[in-house]
Amino acid sequence: MLHWPNRPTAETTSAGFSLPVPDDGYAWWYIDALSDDGQEGLTIIAFVGSVFSPYYRFARRRGPIDPLNHCALNVALYRAGGNRWTMTERGRRKVARNAQSLVIGPSDLSWDGNALSINIDEVTAPIPGRIRGRVRVIPRAVTQQAFTLNADGNHRWWPIAPSARVEVELASPDLRWQGDGYFDMNAGDVPLEQGFTVWEWSRAALRDGTAILYEAKRRDGGRLDLAIKFDRHGEMESFDAPALQRLPRTPWRVDRSARSEAGARVVRTLEDSPFYARSVIATTLLGEHATLMHESLSLDRFKMPVVQAMLPFRMPRRG
Ligand SMILES: CC(C)=CCC/C(C)=C/C=C/C(C)=C/C=C/C(C)=C/C=C/C=C(C)/C=C/C=C(C)/C=C/C=C(\C)CCCC(C)(C)O
């Protein structure tokens with residue numbers, strides 16, 4: 001565990017939006033939340049140097065590329081009435097950032113020291129529709145610790161707020177709810193697929209904190225195995241991860257597994273695609289029944305030309 005050299009020191013005044021991101025590198029800010037009634041879910045990911053962008057990957061063939069030319073705000077709403085997805089990629093001219101805020105096209109994120117506000121005004125894909133409105137993320141605590149995910153230190157992770165309240169107020173679709181959520185950032189100096197082959201990440205709200213499991217196979221053969229718990233004050237301790245339970249593959253045949261002291265069960269597959277799956281999983285951790293927000297990623301799948309050809313359907317670019 002190392003300190004992140006470029007990380008702002010005054011965490012409360014910055015969420016790292018103005019962090020330098022080198023050519024071919026990336027940074028993303030990730031939020032997820034599930035409503036208190038368990039009916040609604042969302043994820044929001046703001047990308048500088050969109051790691052799964054086929055345009056960014058293709059452009060890199062010709063030499064080092066400015067990540068600011070490949071930014072996107074990905075919003076996914078998971079609801080009984082139908083999911084919605086936006087991920088329009090924007091070029092450098094449509095992006096602005098400083099320590100407090102990040103503007104990507106018609107949407108923006110800003111951090112006022114206590115909360116993150118996200119103004120969303122995006123068009124959905126593949127079928128055009130709208131997501132418009134505002135989401136607020138109010139951390140229970142802001143953590144001080146960032147992690148390097150590999151020996152070179154060129155992939156890093158900062159779980160900014162392992163536990164947060166999230167307030168959703170959308171005009172389109174007409175939707176209001178509140179729930180528990182999570183906020184982190186990742187950044188790297190090289191493409192993600194150079195560092196890792198597969199990874200699984202999950203988090204669960206516990207009675208008095210949040211458990212996070214972050215596991216990956218590195219391309220150099222090494223492994224990342226993190227099992228940590230944050231209490232309500234953001235104090236961290238690691239725990240012994242229980243055994244892996246295999247779970248059914250998704251319809252796109254993405255492998256899934258989860259750590260559990262008893263059995264594990266897929267409650268809902270939120271996202272399924274040829275290289276990436278997001279699921280809600282029932283598990284048992286640290287003696288508690290817990291609900292995991294869980295993701296599995298295969299970067300070898302991502303690199304396949306046939307997969308690259310599919311991505312623009314859900315990731316249009318309006319440079
Ligand atoms: C009509 C015409 C032209 C032609 C007709 C011909 C025809 C038949 C066409 C058929 C086309 C088909 C089949 C297209 C299929 C397209 C598909 C399946 C696209 C799938 C896209 C998936 C995406 C985009 C996923 C993005 C995931 C994302 C963004 C995940 C992000 C996760 C992160 C960052 C990790 C967070 C980690 C931490 C929590 C630690 O922070």
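Counting convention: from 1, in listed order, for ligands and their atoms alike. The figures that follow rest on heavy atoms only: side chains count, while hydrogens, waters and symmetry mates do not.
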A.B. asks: With a 3.5 Å distance limit and no angle check, can you tell me whether N69 reaches the backbone of R92 through a side-chain donor-acceptor pair?
C.D. replies: yes

A.B. asks: Once the angle between the rings of Y30 and Y182 is folded into 0 to 90°, is it parallel (under 30°), tilted (30 to 60°) or perpendicular (over 60°)?
C.D. replies: perpendicular

A.B. asks: Is R203 salt-bridged to D184, cutoff N-O under 4.0 Å?
C.D. replies: no

A.B. asks: With a 3.5 Å distance limit and no angle check, can you tell me whether R156 reaches the backbone of G153 through a side-chain donor-acceptor pair?
C.D. replies: yes

A.B. asks: Applying side chain to side chain donor-acceptor pair (under 3.5 Å), name anything that partners R60, two or more places apart in sequence or on another chain.
C.D. replies: E193

A.B. asks: Protein N/O near ligand 1 N/O, under 3.5 Å, which pairs?
C.D. replies:
| unit_1 | atom_1 | unit_2 | atom_2 | d |
| --- | --- | --- | --- | --- |
| ligand 1 | 41 (O) | W28 | NE1 | 2.9 |
| ligand 1 | 41 (O) | D184 | OD1 | 3.0 |
| ligand 1 | 41 (O) | D184 | OD2 | 3.0 |
| ligand 1 | 41 (O) | N186 | ND2 | 3.2 |

A.B. asks: Salt bridge or not for K217 and D225, using N-O below 4.0 Å?
C.D. replies: no

